[in-house]
Amino acid sequence: MDQAASLLAQGQVVAFPTETVYGLGANALDSGAVEAIFKAKGRPQDNPLIVHLGEQSQADKYVQAIPPKARLLMERFWPGPLTLVLAKTGQVPPVVTAGLDTVALRVPDHPLALELLRQTGFPLAAPSANLSGRPSPTRAEHVLADLGGRIPAILDGGETGWGLESTVLDCTVEPFRLLRPGGVTLEDLRALVPVTFAASEGEDKEPPRSPGMKYQHYAPDATVFLLTGQGVRARIQEESEPYRRRGQKVGVMTWNERSHLYSGFTVLPMGSEGDLQTLANKLYHLLRQADHLGLDVLYIEGVPEADLGLAIMNRLRKAADYREIKT
Ligand code: AMP
Ligand code: MG
């Protein structure tokens, strides 16, 4: 912890655990340090970063005014996996927000992240600690696999809790707009304030509100197909036939109870049927396993888009590069 804090104070980057995924942090008030994040990840410069705070009271320094409804959400969900986009002050360097006049803020709910923020005393700009385009890291080993040799330190806190990135909510418009579904669900938010969400968000039909939405994310090396609807199993058998005939390695991601339906496939088990919490938690690990197993093709059984299912399907569509087969 001391070494991590002192590296950060020197303007270096350090990977650290949060309750969502591992972040690659740097002093958000030091432009040079923040530039090092983009460099280590190979992240496009126009994709802004989330600023992590040690406590809610620090938000006032970095945003113009906090609308009462946003304040309500902070009080209910911070510390936690909810990122709020608000109009920024001059305290936040342009490199953090990719030149936007808004900044994304959250207070992470993880003892090591909070202790690190307390020791450094400055906010940490931190995207997920993976190479750009790769699945987000949920274990220190994932960070090491992607960024080993490119960053000076990883603070190892074991497996992260949620396993999916935070929910991102634009609070500069009325009603607030969900930019990225995550651990705090749309249902959770709507219980307190009105929120809009366009399901097509991130599918390149309009200029992205959240710049990160235009980039492919979370992708394993295999060609991924996402299947939804009735008759998913028969369709996977049929679609995979040509690949299997050519001797390619074909995988399927399915619930434990359905694994036996897929003999001849490499099965990546999603957990007990309907347990979305467990699936969220292991999703990125499963996608990375697809690479370790050397899969050429991976079929994923979709889940219902309610509660955590909305965030899970959002990530799966990106992993599949929008190759979705509706049966
Ligand atoms: P990551 O840290 O890699 O999980 O990505 C952070 C997400 O928050 C990306 O989708 C960004 O585009 C989004 N984001 C960060 N700052 C802003 C902002 N000021 N306005 C809109 N979206 C933002
Ligand atoms: Mg990321």
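Residue numbers count from 1 along this sequence. Excluded from the calculations below are hydrogen atoms, water molecules and symmetry mates; all remaining heavy atoms, backbone and side chain alike, are included. Only a predicted model underlies this, so the values are computations on that prediction, with no experimental measurement involved. Both ligands and their constituent atoms are indexed starting at 1 by order of listing.
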Please table the atom pairs, donor to acceptor, closer than 3.5 Å between any side-chain atom in residues 224-233 and protein atoms at least two apart or in another chain.
none

Identify, by atom number and element, the atoms of ligand 1 in contact range of [X], meaning under 4.0 Å from any of its heavy atoms.
{"X": "Arg180", "answer": "1 (P), 4 (O), 5 (O), 6 (C), 7 (C)"}
{"X": "Asn47", "answer": "9 (C), 11 (C), 12 (O)"}
{"X": "Ser128", "answer": "2 (O), 3 (O)"}
{"X": "Leu100", "answer": "18 (C), 19 (N), 20 (N)"}

Pick one of side chain, backbone, both or neither for how [X] approaches ligand 1, counting any non-hydrogen atom pair under 4.0 Å.
{"X": "Arg177", "result": "neither"}
{"X": "Thr102", "result": "both"}
{"X": "Thr83", "result": "neither"}

Could you tell me whether ligand 1 has any atom less than 4.0 Å away from a heavy atom of Arg43?
->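 Flag set, Arg43 near ligand 1.
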Decide whether the shortest distance between a heavy atom of Ile50 and an atom of ligand 1 is less than 4.0 Å.
->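 Distance cut 4.0 Å: Ile50 passes for ligand 1.
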More than 12 heavy atoms of other groups within 6.0 Å of Lys69 NZ |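 Not more than 12 within 6.0 Å, no.
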Atom CD of Gln3: over 12 foreign heavy atoms under 6.0 Å |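 For Gln3, atom CD is not crowded (no more than 12 foreign heavy atoms under 6.0 Å).
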Please work out which of Ala87, Pro127, Ala104, Pro48 has its closest non-hydrogen atom nearest to atom 2 (O) of ligand 1.
->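 Considering heavy atoms of Ala87, Pro127, Ala104, Pro48, the nearest to atom 2 (O) of ligand 1 sits in Pro127.
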Please determine if Arg106 and Glu19 form a salt bridge, counting it only when a charged side-chain N lies under 4.0 Å from a carboxylate O.
->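 A salt bridge is present here (some side-chain N lies under 4.0 Å from a carboxylate O).
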Please lay out, stage by stage, how Leu189 and Phe176 fare under the test side-chain contact (heavy atoms from CB on, under 4.5 Å).
-> CA-CA 10 Å; Leu189 294 170; Phe176 294 168; over 6 Å; no
Show the numbers, then the answer: is there a side-chain contact (heavy atoms from CB on, under 4.5 Å) between Ile236 and Glu301?
-> CA-CA 9 Å; Ile236 291 177; Glu301 290 190 350; 4.2 Å; yes
Evaluate side-chain contact (heavy atoms from CB on, under 4.5 Å) for His142 paired with Tyr284, printing each intermediate quantity in order.
-> CA-CA 9 Å; His142 299 158; Tyr284 291 133; 5.6 Å; no
Of the backbone and side-chain N, O or S atoms of Ser128, does one lie nearer to the Mg ion (ligand 2) than 2.8 Å?
->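 For Ser128, the answer is yes, given that an N, O or S atom comes within less than 2.8 Å of the Mg ion (ligand 2).
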Minimum-distance pair of heavy atoms, taken over all atoms of Leu164 and Arg315 |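 Nearest pair, atom of Leu164 first, then Arg315: CD2-CG, 3.9 Å.
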